[in-house]
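The block underneath contains the structure these notes are about, expressed in structure tokens.
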Amino acid sequence: MTVSDPGTPEPRPATPGASSVEQLRKDGNELFKCGDYEGALTAYTQALDLGVTPQDQAILHRNRSACYLKLEDYDKAEIEASKAIEKDGGDVKALYRRSQALEKLGRLDQAVLDLQRCVSLEPKNKVFQEALRSIGGQIQEKVRYMSSTDAKVEQMFQILLDPQEKGTEKKQKASQNLVVLAREDAGAEKIFRNNGVQLLQRLLDTGEADLMLAALRTLVGICSEHQSRTVATLSVLGTRRVVFILGVENQAVSLAACHLLQVMFDALKEGVRKGFRGKEGAIIVDPARELKVLISNLLELLTEVGVSGQGRDNALALLIKTVPRKSLKDPNNSLTLWVIDQGLRKILEVGGSVQEPPGALTVTANSRMSASILLNKLFDDLKCDAERENFHRLCENYIKSWFEDQGLAGKLRAIQTVSCLLQGPCDAGNRALELSGVMETVIALCASEREEEQLVAVEALIHAAGKAKRASFITANGVSLLKDLYKRSEKDSIRIRALVGLCKLGSAGGTDFSMKQFAEGSTLKLAKQCRKWLCNDQIDAGTRRWAVEGLAYLTFDADVKEEFVEDEAALKALFQLSRSEERSVLFAVASGLVNCTNSYDYEEPDPKMVELAKYAKQHVPEQHPKDKPSFVRARVKKLLAAGVVSALTCMVKTESPVLTNSCRELLARVFLALVEEAEDRGTVVAQGGGKALLPLALEGTDVGQTKAAQALAKLTITSNPEMTFPGERIYEVVRPLVSLLHLNCSGLQNFEALMALTNLAGISERLRQKIVKEKAVPMIEGYMFEEHEMIRRAATECMCNLAMSKEVQDLFEAEGNDRLKLLVLYSGEDDDLLRRAAAGGLAMLTSVRPSLCGRIPQVTTHWLEILQALLLSSNQELQHRGAVVVLNMVEASREIASTLMESEVLEILSVLARGKEGPVTRAAVACLGKAVEYGLIKPNQDGQ
């Protein structure tokens, strides 16, 4: 048997009595040819379930292997090929496919054995011979690399551990080389095998920051995506020791330890996805147990006295990323339940920490906010009322333990904990407010003469004011208290917080112009004072943050928005603060910008419903006159001029739990508002907006990702994508754009995505391949049937550009589909732009796939009329595309040429051939020349 194409599923004669199996196999083969590898996989699986012969099983398993190779799931491709080989040891295709999978997995020594077997079975097969030569070269290169690396690793460690080399350039270079070597899997394995972990432990023991950084970064390479090396590393170093490196004072070392622990978590959760799989069996591990040991140590670190504030923040960040489920579709939330039972009190201890008492935990300005975010994520990860009730009970018991038995200091801790809950899982915070004596103590402490007590109480009052259950109580009882604090207190830290409480209560009506809590002009006065504090750089960032919080509430009022964007100093101060170490300000900054750009969701009320509400004497929300589109556009321009894009870009880059999914959504909303006008998009791109939008489109809430994807689409439509997204970044744009094609997106989003994909598809074959791989083609085809003419046209234009790709051409050439028919019919529509797109697609397809020329007469009886109409069009582009289609058909077959020459097409071509020199004339002349060559027509006496 000669294997000409070892990558294609092979049909075989049907076994008697197995017609359904044979049909499923044929269906699978057709789906494979069309590029629907998952569909083919399903067909082969269904055939296997019907109880087939061992020979049929071998064929089906190797066909499944081919599908997995195309889907780049090489582990499963190897498994399926191995099953085929078990049934038929001489199955050369299965052997070849297994070798391909093993090569991709990095197991070259095993891949070469399969290829040698293939060559022995078919010595003359050039495909096998070439593959064997290629993999042999790879093995030799790897052997050379590994042998030269042994000496290098030993030399590097000698330099690093030599006390005489302290602080030298030689030592610095050795540490850099070690880190670079560990980034390659083969290098990491070599370090690991040469007693590397023990030597790295000695580097960590030195306590020198540079050496510790080198050791931690090298360990990242060793543990990355490798479960057994991770477990061995933890065994050598000790889990507690690795975790507690987080707590050192040196921020760079703490961050490096945080990165290492994140890599370890990922390795334990995901297992091994790349090479050295054969070595994995050397260590039998229980990933769940190892994960719990790591998390248990992180929880212990949270309440350890002497741990740096930065280290505590890093521990919280790791817990936020690691513990809750990535998707609520995953039914297993056991890790969250375990953390709540084992560590909720420890998290609450960080969230309720007060700076003053001696021996208190060291925290940063972001620690309590990080604790709130972690608590919120844990609460959101609970699945039923019983789990939530347990969470409430644990929180309430903790608060009571401080509130009831620990005197005034305990009450402060309890109230601070309630504030933490109100900023996180507010249901738990609301229930804590209902505990006996809590709210009364908050009100009483607001009048305290001690600043630290007032601060805790006023902040609790502010957080409580935003909760529906307490807002009315505070409006009735707390407004006068807050006003009194604002007017009488001599401390700015108290006055600014009291002001924020007033701002929060004053914005209770939201954007409803008719619902104002305070007298006319009061909100403007509050906003003016907030701006004044914001611009005062003599006040610390932690206090100025509260001024931003106040503006975030007050900017619901359009008058406040207008004054704010006119205040250049305030905008500059806002953007500088967003770049500071005070990360907890991010949400407030983003909220204020959403309000200023009106990028929140707003639906125009139905006029009929408004009239009905007025008749029923119901309240009707009113929009502020200064929230009309012209005012919003003017505000956007002022924000752009002030440098808002640079500030947003810095916020997106923030490595902090404070950049929550909700915060990401707000940033995406602002970006979408900034690119609404085409003339502003160049400014956004120039200041790095395109780069900043990519992570927002790939991570966050569904709404946030959609908004960011739409902003990307707008940029891709009106600017050169290669300049907007340079290098490899352009390929990252495809997935967000494809996500806008889903049916749950609006018509405008579908249209803009299609336009953007059209631009990308016209750039390079690699981009077209990326679009195809993201499974966009079936969705684009669906929109070619859309009733809305602009969406239908955009989809057709996109398909026209994609037709340059081989995979798409195969789809058109496959039997039993109407893709070609649709293009032919659209070439005869009244819409010139739709005709141009469809005719362009036809011209492209008939040029590269001559077989399609013979099918055009079969798809519709009106094909001649459509071609004639194209040739007679007054639009030069349509005429040219029609002429190219006719030329391709004439060149494809004498029979088709004969049919064309017997129609009015001959007369039209004759007229066009005598026209002014141009592409249409040249195509017409070429058609007639080919017809003469066939002997279908004779040239004129003058040779024309």
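- At least one side-chain heavy atom of Leu674 sits under 4.5 Å from a side-chain heavy atom of Leu648.
- Panel note: side chain Arg97, backbone Ala77; no donor-acceptor pair is recorded below 3.5 Å.
- No more than 12 heavy atoms of other residues, nucleotides or ligands shown are found within 6.0 angstrom of NZ on Lys104.
- A 6.0 Å sphere centred on CD of Glu765 holds more than 12 heavy atoms belonging to other residues, nucleotides or ligands.
- Minimum heavy-atom separation, Gly882 to Leu871: C-CD2, 3.8 Å.
- Proximity of Leu852 to Gln809: side-chain heavy atoms (C-beta onward) are nowhere separated by under 4.5 Å.
- The closest donor-acceptor contact from the side chain of Ser873 to the backbone of Leu870 lies at 3.5 Å or more, if one exists at all.
- For Asp627 (side chain) and Asn598 (main-chain N/O), no donor-acceptor pair under 3.5 Å exists by modelled atom type.
- Using a 4.5 Å heavy-atom cutoff, the side chains of Met901 and Val890 are in contact.
- The main-chain N or O of His862 is never found under 3.5 Å from a side-chain atom of Glu865 such that the two would form a donor-acceptor pair.
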For Glu797 and Asn801, what are the C-alpha separation, side-chain angles and deciding distance, and is it a side-chain hydrogen bond (donor to acceptor under 3.5 Å, both in side chains)?
-> CA-CA 7 Å; Glu797 288 173 349; Asn801 281 359; over 6 Å; no
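- Salt bridge present: Glu22 and Arg25 bring a charged side-chain N and a carboxylate O closer than 4.0 Å.
- At a threshold of 4.0 Å, the pair Arg792-Glu787 does not count as salt-bridged, since none of the basic side-chain nitrogens sits closer than that to a carboxylate oxygen.
- A donor-acceptor pair under 3.5 Å is formed between the side chain of Tyr783 and the backbone N or O of Leu741.
- Counting heavy atoms of neighbouring residues, nucleotides and ligands inside a 6.0 Å radius, atom CE of Met804 exceeds 12 of them.
- Two rings, from Tyr74 and Tyr68, have their centers 6.0 Å or more apart.
- Of all heavy-atom pairs between Phe671 and Gly689, the closest is CE2-CA, 3.9 Å.
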Check the pair Leu811, Asn817 against side chain to side chain contact (heavy atoms under 4.5 Å, CB included), reporting the backbone distance first and the verdict last.
-> CA-CA 8 Å; Leu811 293 176; Asn817 71 80; over 6 Å; no
Does the salt bridge (charged side-chain N to carboxylate O under 4.0 Å, His left out) test come out yes or no for Glu728 and Arg766, once each step is laid out?
-> CA-CA 11 Å; Glu728 293 296 305; Arg766 188 178 166 194; 2.7 Å; yes
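- Side chains of Arg836 and Asn875 form no contact here, defined as non-hydrogen atoms less than 4.5 Å apart.
- At least one donor-acceptor pair closer than 3.5 Å links the side chain of Asn750 to the backbone N or O of Leu740.
- Between Arg855 and Glu813, no side-chain nitrogen of the basic residue sits less than 4.0 Å from a carboxylate oxygen of the acidic one, so the salt-bridge criterion is not met.
- At most 12 heavy atoms of other shown residues, nucleotides or ligands fall within 6.0 angstrom of atom CZ in Arg735.
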Verdict with supporting geometry, Lys714 and Glu676, side chain to side chain contact (heavy atoms under 4.5 Å, CB included) | CA-CA 8 Å; Lys714 288 179 185 290; Glu676 189 62 39; 3.8 Å; yes
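- With rounding to the nearest 0.5 angstrom, the CG atom of Asp818 is 11.0 Å from the OG1 atom of Thr860.
- Thr921 contributes a side-chain N or O that, together with a main-chain N or O of Lys916, makes up a donor-acceptor pair within less than 3.5 Å.
- Shown here for Leu712 and Ala697, the closest heavy-atom pair between the two residues is CD1-CB, 3.7 Å.
- Not one N or O on the side chain of Arg681 forms a donor-acceptor pair closer than 3.5 Å with the backbone of Ser719.
- Counting heavy atoms of neighbouring residues, nucleotides and ligands inside a 6.0 Å radius, atom CD of Glu677 exceeds 12 of them.
- Counted by atom type alone, Glu902 and Ser898 present one or more donor-acceptor pairs between their side chains at under 3.5 Å.
- By the 4.0 Å N-to-carboxylate-O rule, Lys637 lies close enough to Asp680 to be salt-bridged with it.
- The side chain to side chain contact (heavy atoms under 4.5 Å, CB included) test with Glu807 is passed by exactly one of Leu802, Val772, Val777: Val772.
- Between the CG atom in Leu41 and the NZ atom in Lys76 there is a gap of 8.5 Å [rounded to 0.5 Å].
- Salt-bridge annotation for Arg793 and Asp832: absent, with no side-chain N of the basic residue lying under 4.0 Å from a carboxylate O of the acidic one.
- Residues Leu936 and Leu906 form no side-chain contact, since every pair of their non-hydrogen atoms from C-beta on lies 4.5 Å or further apart.
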What pairs of donor and acceptor atoms, side-chain ones from residues 698-705 against any protein atom, are under 3.5 angstrom apart with sequence neighbours left out?
from, atom 1, to, atom 2, distance (Å)
Thr701, OG1, Glu665, OE1, 2.8
Thr701, OG1, Gly704, N, 2.9
Gln705, NE2, Gly700, O, 2.9

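- Phe812 has its side chain within reach of Met799: a pair of non-hydrogen atoms, C-beta onward, lies under 4.5 Å apart.
- Here the closest non-hydrogen pair linking Val738 and Met779 is CG1-CE, 3.5 Å.
- Residues Ala843 and Ser847 approach most closely at O-OG, 2.7 Å, considering heavy atoms.
- Taken from CZ in Arg768 to CD1 in Ile763, the straight-line distance is 9.5 Å, to the nearest 0.5 Å.
- Between Thr42 atom OG1 and Arg64 atom CZ the span is 9.0 Å, to the nearest 0.5 Å.
- Looking only at side-chain heavy atoms (C-beta outward), Leu900 and Leu867 come within less than 4.5 Å of each other.
- Atom CG of Leu834 and atom OG1 of Thr796 lie 5.0 Å apart (nearest 0.5 Å).
- The closest donor-acceptor contact from the side chain of Lys561 to the backbone of Asn595 lies under 3.5 Å.
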Please step through side chain to side chain contact (heavy atoms under 4.5 Å, CB included) for the pair Val670 and Leu639, ending with a clear verdict.
-> CA-CA 11 Å; Val670 178; Leu639 287 169; over 6 Å; no
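- Side chain of Tyr44 to backbone of Cys67: no donor-acceptor contact under 3.5 angstrom is found.
- Scanning both residues, Gly841 and Cys800, for their nearest heavy atoms gives N-SG, 3.4 Å.
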For Thr597 and Val644, what are the C-alpha separation, side-chain angles and deciding distance, and is it a side chain to side chain contact (heavy atoms under 4.5 Å, CB included)?
-> CA-CA 11 Å; Thr597 55; Val644 67; over 6 Å; no
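- Residue Ser893 holds its OG atom at 13.0 Å from CG of Asn888, rounded to the nearest 0.5 Å.
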